[in-house]
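These notes are about the structure you will find just below.
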Protein chains: 2
Amino acid sequence: MTDAEATRWLDAGEREAWLGLAGVMLLLPSVLDSQLQRDAGLSTFEYLVLAMLSEAPARTLQLKTLAALANGSLSRLSHVVTRLEKRGWVRREPSVVDGRITVAVLTDEGYAKVVASASSHVGTVREMVFDALTPAQVGQLRDISRQIMRRLDPEGRYEPPTA
Amino acid sequence: MTDAEATRWLDAGEREAWLGLAGVMLLLPSVLDSQLQRDAGLSTFEYLVLAMLSEAPARTLQLKTLAALANGSLSRLSHVVTRLEKRGWVRREPSVVDGRITVAVLTDEGYAKVVASASSHVGTVREMVFDALTPAQVGQLRDISRQIMRRLDPEGRYEPPTA
DNA sequence: CAGGGAAAGTTGAACCATCAACTTTTGTCG
DNA sequence: CGACAAAAGTTGATGGTTCAACTTTCCCTG
């Protein structure tokens, strides 16, 4: 926004919607983090990394791709993979076809960890989000978040490739 | 969720809605943070603290209250107020009526800072969120986030008192 | 085929949030 | 009235995130 344009402030309805969305954006991640930390000893990001790997072919993904799927930077992912390796849930392997590429492979222990954590995590999501909404609202939420995502990520860098 | 109950997994529609919401939850804060950091040298939380103070009577609030309004813990707020004091935007004052209470007061420099930062911040919110939505969707978003908030914060601890 | 630039990762430093322990003040209940 | 518990803040340590600098590999072009 440039200084030349006059600010279009939020009207009453927009303000209410914004306060609500801001609240959800701040509280929901912290609730999910607490639950996962308590029940599985994982952060949401760590869980996402393991979960994405568990659904990938051969439980293997290039770090670049994994970073996008988990909505995080490559640097952040690299640090996290180092930690997950130390806990024995993930293994790094260099790519044979391209020397720049490193892939992450989910170990059997890592797979077991995801399976053990998924149920209660999904339960929390259902309880906090979907149990609060009507089926019609679920559809509305899908459309609304898609449209916002198109603004936040116009290049589709964080879009799931085919999922 | 207890082990005894079977997990109700997300159906296709819910899964799409969840991926969208999760994306917004992860990306929107980082976009807002970048904008504020670049244009004003503030984090979102710091901005929220200053903004809440600017709208309060006498530009003064008890730390406990301010923490709830800004959706943060008391500890986090205490650290932030220390930083904001060093930059001259906020002043701490002990309460005369209750020795346990500390209030934060927005200085004139702090008020000027909020005014200078608000316009471009609101511009970003409008651009990323409301310009992407129809008026009907704004209403839907308000209802949806209210209902989720009621789950996340059943006691209404993070509800704005009267705003 | 040589060199420059882009792509993919890694690493260390600086910064911020969280957690637990601690201090001070107030209220309450024998 | 004395003591104990709760409330409000503060503080230091710990751990995770970000940012910028750096390495290695690959691609492309002259």
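A note on names: the letters A, B, ... follow the listed sequences, proteins ahead of strands, and every chain is numbered from 1.
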Task: Along DNA chain D (nearest heavy atom to each residue), the more 5'-positioned of A:Phe45 and A:Val96 - done: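 On the 5' side of the pair lies A:Phe45.
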Open item on the list: Taking the nucleotide of DNA chain D with the nearest heavy atom to each, does A:Val97 or A:Glu46 sit closer to the 5' end?
Closed with: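 Result of the comparison: A:Glu46.
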Open item on the list: Under the criterion side chain to side chain contact (heavy atoms under 4.5 Å, CB included), I'd like the reasoning laid out for B:Leu106 against B:Thr60: C-alpha separation, chi angles, the key distance, then a yes or no.
Closed with: CA-CA 7 Å; B:Leu106 191 66; B:Thr60 300; over 6 Å; no
TODO: Answer with base, sugar-phosphate or nothing: what part of the nucleic acid does B:Leu74 contact at a heavy-atom distance below 4.0 Å?
DONE: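 Base contact.
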Tell me: [atom1] of [X] to [atom2] of [N], nearest whole Å?
X	N	atom1	atom2	result
B:Leu63	C:dT25	CG	P	16 Å
B:Leu48	C:dC16	CG	C1'	16 Å
A:Leu84	D:dG16	CG	C1'	13 Å
B:Leu36	D:dT18	CG	C1'	17 Å

Task: Distance-only polar pair, side chains of B:Arg92 and B:Thr82, donor-acceptor under 3.5 Å - done: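 There is such a pair between these side chains.
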Open item on the list: Looking only at side-chain N and O atoms, does B:Asp39 offer a donor or acceptor that is under 3.5 Å from a partner on B:Gln35?
Closed with: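 The answer is yes; a qualifying pair exists.
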Open item on the list: I want to verify a distance call: between C:dT25, C:dG9, C:dA17, whose nearest atom is closest to the B:Arg100 side chain?
Closed with: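 For B:Arg100, the side-chain atoms sit closest to C:dT25.
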Task: Polar pair under 3.5 Å, donor/acceptor by atom type, side chain B:Ser75, base D:dT11 - done: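 A donor-acceptor contact between them is present.
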Open item on the list: Using a distance-only criterion (donor-acceptor N/O pair, under 3.5 Å, no hydrogens), is the base of C:dG12 paired with the side chain of A:His79?
Closed with: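 For A:His79, whose side chain was compared with the base of C:dG12, there is a donor-acceptor pair (under 3.5 Å).
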Please determine if a side-chain N or O atom of [X] lies less than 4.0 Å away from the OP1 or OP2 oxygen of [N].
X	N	value
B:Gln62	D:dG9	yes
A:Arg76	D:dT17	yes
A:Arg83	D:dT17	yes
B:Arg92	D:dT10	yes

- [ ] Enter the distance from B:Glu85:CD to B:Arg91:CZ here, rounded to the nearest 0.5 Å.
- [x]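 The CD atom of B:Glu85 sits 9.5 Å away from the CZ atom of B:Arg91.
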Task: 5' precedence on DNA chain C between A:Ser30 and A:Ser78 (nearest-nucleotide basis) - done: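 Between the two, 5'-proximity favours A:Ser78.
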Open item on the list: With a 4.0 Å cut-off on N to O distance, would you call A:Glu46 and A:Arg83 a salt bridge?
Closed with: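 Yes, this pair counts.
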